[in-house]
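The structure under discussion is supplied below as structure tokens; questions concerning it will follow.
All figures in this text were calculated on a predicted structure; none of them were measured in a lab.
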Amino acid sequence: MRVVIGDRNLLPHRELLEGLVPAHTDLIWHEVFDEAAIIADLGTADVYVGGKFTTAMAAASPRLQLVHVAGAGTDNIAFASLDPRTKVANTFHHEDSIAEYVLSTAIMLRRGFIAQDRALRCGTWSTSVYDDALPQPLSMNGAHIGFVGFGHIGSKSWKLLRGLGCTGSAVTGRGTVDAAAVGLSWAADAAGLNRLMTESDIVVVSAPLNDHTRGMIGTTEFAALGSDGVLINVGRGPLVQQQALYDALQRNLIRAAAIDVWYSYPGPDGKGDPGNLPFAELPNLLMTPHSSGVTKDTFVGRVRDIADNIRRLDRGLSLARTVH
């Protein structure tokens with residue numbers, strides 16, 4: 001069996017993966033995503049592992065049986081170009097790490113620690129202890145958390161936030177979350193988005209990106225969230241309208257945001273702006289480079305899932321976590 005690997009996040013765990021797959025497996029590693037170089041290796045490949053699979057790659061893969069995404073998102077897979085016999089599988093294991101990010105950024109932004117750090121670096125003690133114009137911040141106890149999407153990430157984040165005394169609600173595409181069973185105040189389909197934005201102190205966005213969710217949060221939703229509200233986006237950048245996000249922060253229509261997913265991404269050198277607006281100039285924005293789920297724990301779990309499906313394929317067994 002021949003496996004082509006185009007996801008560099010798996011390189012630190014190369015020895016683990018090679019030790020878990022059948023001994024006769026031929027693994028071809030690519031240190032960067034170079035479409036032409038990967039295509040050159042796909043002609044005799046049985047499995048491709050990576051988060052991006054293009055129409056050209058599909059055309060070059062006559063015997064491909066499995067595209068295995070080394071993560072949850074499949075929005076960069078050219079499903080329409082796949083041979084009907086080619087399966088697509090994904091894997092998770094990022095929810096614990098991303099939940100830690102959600103918890104930590106929620107506290108940092110609600111308490112104003114980011115702004116205090118920047119002020120103190122300039123010699124200003126930005127706290128109500130020294131400045132009567134500054135209010136005493138609220139703790140997380142009693143904060144209402146609104147979840148836009150309530151899958152692996154949302155549910156794990158809620159478990160942590162609930163432990164701090166937060167209340168919560170959720171909107172999902174199907175609206176099938178059993179609110180009472182998980183301790184939420186209520187849950188609804190996308191029609192409940194405006195209510196969720198209005199009632200929430202902090203909104204966590206982790207919905208999948210598709211034609212129905214693209215741009216779902218814009219000017220109207222930010223107005224509903226209000227000047228004390230905090231937005232945390234760990235789903236996909238385009239779930240939130242870029243201009244509306246910038247305007248809401250620049251005009252202080254919301255308190256702050258933590259954004260881990262963006263509108264443009266760099267090449268292999270890791271250099272490049274995350275959007276076409278000057279987000280870096282905003283003092284009320286915490287910017288991270290799509291790193292909320294990037295931990296050793298995440299990728300060890302993913303490697304084990306990928307190896308499991310390679311073994312299943314080798315033995316002629318049904319595959320796990322297939323999405324196509």
Side-chain angles (χ1 to χ4, degrees), residues 1-94 152 208-210 236 261 265-270 290-291 293-324:
M1 179 175 294
R2 197 162 194 255
V3 179
V4 176
I5 302 171
D7 191 322
R8 69 186 311 274
N9 291 299
L10 302 182
L11 285 168
H13 311 291
R14 179 171 181 166
E15 184 176 351
L16 175 62
L17 181 58
E18 291 179 343
L20 290 173
V21 298
H24 57 269
T25 306
D26 183 17
L27 284 86
I28 311 299
W29 293 84
H30 288 260
E31 295 188 1
V32 297
F33 181 85
D34 180 327
E35 185 179 28
I38 291 173
I39 283 174
D41 286 329
L42 286 174
T44 56
D46 300 289
V47 178
Y48 175 73
V49 178
K52 185 175 183 179
F53 194 79
T54 66
T55 297
M57 292 166 68
S61 311
R63 56 181 279 182
L64 199 68
Q65 301 178 65
L66 171 65
V67 173
H68 208 307
V69 179
T74 58
D75 45 295
N76 285 318
I77 304 300
F79 285 99
S81 301
L82 293 175
D83 187 290
R85 297 168 295 178
T86 304
K87 301 293 185 181
V88 177
N90 66 353
T91 175
F92 295 86
H93 296 283
H94 57 299
H152 290 75
L209 179 64
N210 55 46
R236 286 290 186 266
V261 287
Y265 280 78
D269 64 352
H290 206 145
S291 58
V294 181
T295 64
K296 181 178 180 179
D297 305 72
T298 295
F299 283 97
V300 166
R302 290 178 174 180
V303 162
R304 293 187 184 281
D305 278 356
I306 291 165
D308 174 60
N309 263 341
I310 292 173
R311 292 194 302 267
R312 287 170 179 264
L313 187 66
D314 183 61
R315 298 169 185 170
L317 303 176
S318 60
L319 302 178
R321 298 167 300 278
T322 55
V323 296
H324 173 80

Asp46 CG to Arg63 CZ distance, which is reported to the nearest 0.5 Å: 4.0 Å

Over 12 non-hydrogen atoms of neighbours within 6.0 angstrom of CD in Glu35: yes

Shortest non-hydrogen separation from Ala58 to Ser81 and the atoms involved: CB-O, 3.5 Å

Pairwise distance CG(Leu16) to CD(Glu18) - rounded to 0.5 angstrom: 10.0 Å

Under 3.5 Å: donor-acceptor pair, side chain of Arg312, backbone of Ser318: yes

side-chain contact (heavy atoms from CB on, under 4.5 Å) assessment of Phe53 paired with Leu42: CA-CA 11 Å; Phe53 194 79; Leu42 286 174; 4.3 Å; yes

Side-chain donor/acceptor of Arg302 to backbone N/O of Leu10, under 3.5 Å: no

Asn309 side chain to Ala320 backbone, donor-acceptor under 3.5 Å: yes

side-chain contact (heavy atoms from CB on, under 4.5 Å) evaluation trace for Phe33 with Asp7: CA-CA 7 Å; Phe33 181 85; Asp7 191 322; over 6 Å; no

4.5 Å side-chain heavy-atom contact, Leu20 and Arg311: yes

Of Ile310, Ile306, Val47, Val3, the residue whose pairing with Val21 passes side chain to side chain contact (heavy atoms under 4.5 Å, CB included): Ile310

His30/Asp41 under side-chain contact (heavy atoms from CB on, under 4.5 Å): CA gap, chis, key distance, verdict: CA-CA 10 Å; His30 288 260; Asp41 286 329; 2.8 Å; yes

Lys52 NZ to Asp75 CG distance, which is reported to the nearest 0.5 Å: 11.0 Å

Main-chain N/O of Ala72 paired to Asn90 side chain as donor or acceptor, under 3.5 Å: yes

Straight-line distance of Tyr48 OH to Ile39 CD1, nearest 0.5 Å: 10.0 Å

Any donor-acceptor N/O pair, Arg8 side chain to Val32 backbone, under 3.5 Å: no

His24 versus Asp314, side-chain donor and acceptor atoms under 3.5 Å: yes

Test log, rule side-chain contact (heavy atoms from CB on, under 4.5 Å), inputs Leu64 and Met57: CA-CA 10 Å; Leu64 199 68; Met57 292 166 68; over 6 Å; no

His93 and His152, any side-chain heavy atoms less than 4.5 Å apart: no

Where Ala307 and Leu17 come nearest, the two heavy atoms and their spacing: CB-CD1, 3.8 Å

NZ/NE/NH1/NH2 to OD/OE distance under 4.0 Å, Arg321 and Asp308: yes

From Phe79 atom CZ to His324 atom NE2, the distance as rounded to the nearest 0.5 Å: 6.5 Å

Geometric class of the His290/Tyr265 ring pair [parallel <30°, tilted 30-60°, perpendicular >60°]: tilted

Atom pair CE/CG of Met1 and Leu27 - distance to nearest 0.5 Å: 10.5 Å

